[in-house]
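Taking it in order: structure first as structure tokens, then the write-up.
For ligands, and for the atoms within them, numbers begin at 1 and follow the listed sequence. The analysis underlying the following values was restricted to heavy atoms, covering all of them including side chains, and did not include hydrogens, waters or symmetry mates.
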Amino acid sequence: MMQNKLPLTIDPIKAAQKKLDYVGYYPAKSVARVESIKSDIECSLSFDYDEQKLCVVTIDAKVTLELICQRCFKPFITEVHVMNKFSPVKSDAQAETLPDYYEPVLINEFGEIDILALLEDEIILSLPIAPVHDSKHCEVSEADMVFGEIPAENEKTNPFAILDSLKNKG
Ligand SMILES: [Zn+2]
């Protein structure tokens, strides 16, 4: 099946009025804030109104990343799957009125939401703080792990400190 490149920004209100669904991808090279991305982001988007007349954006996306195992410090490939429901808002006050089952997403001055930025946030937030291999693939065995913690010096230089700081920025 031919996959379409998805629009970076979408007017969610217009899209919900038309009950639009999109299936396609964002090219890996368009993704600025996720490190070591190894695939395009495959994504489906659907826009609708719920019974409370709230605009709902349903996102289902997956991407392949290369992470660094925090047990043996070798890279490994993993797939991240992001699924969430969002409701567009114009302010923090409006965000607070949303039911718990929707995440707020801010509408910009052009009446649009930045889908790619939203996906980048979701991917970064879904990453484990200390990713590790499956034990059968890891070069450090479970038995070796018994001998204590990673030394503090290593933690400072670990590449996940960067991802953590990205997460905290958002
Ligand atoms: Zn490992």
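- Partner Leu118 forms a side-chain contact (heavy atoms from CB on, under 4.5 Å) with one of Asn84, Thr9, Ile59 and no other, that one being Ile59.
- No more than 12 heavy-atom neighbours from other residues, nucleotides or ligands sit within 6.0 angstrom of CZ on Phe110.
- Under the 30°/60° scheme for interplanar angles, the aromatic rings of Phe76 and His133 are found to be tilted.
- Judged purely by atom type and a 3.5 angstrom limit, Glu79 has no side-chain atom pairing as donor or acceptor with the backbone of Lys62.
- Taking the N/O/S atoms of His133 in turn, the shortest distance to the Zn ion (ligand 1) belongs to ND1.
- For the Zn ion (ligand 1), the N/O/S atoms of His137 include none lying under 2.8 Å.
- Between SG of Cys138 and SG of Cys69, the angle at the Zn ion (ligand 1) works out to 110°, rounded to 10 degrees.
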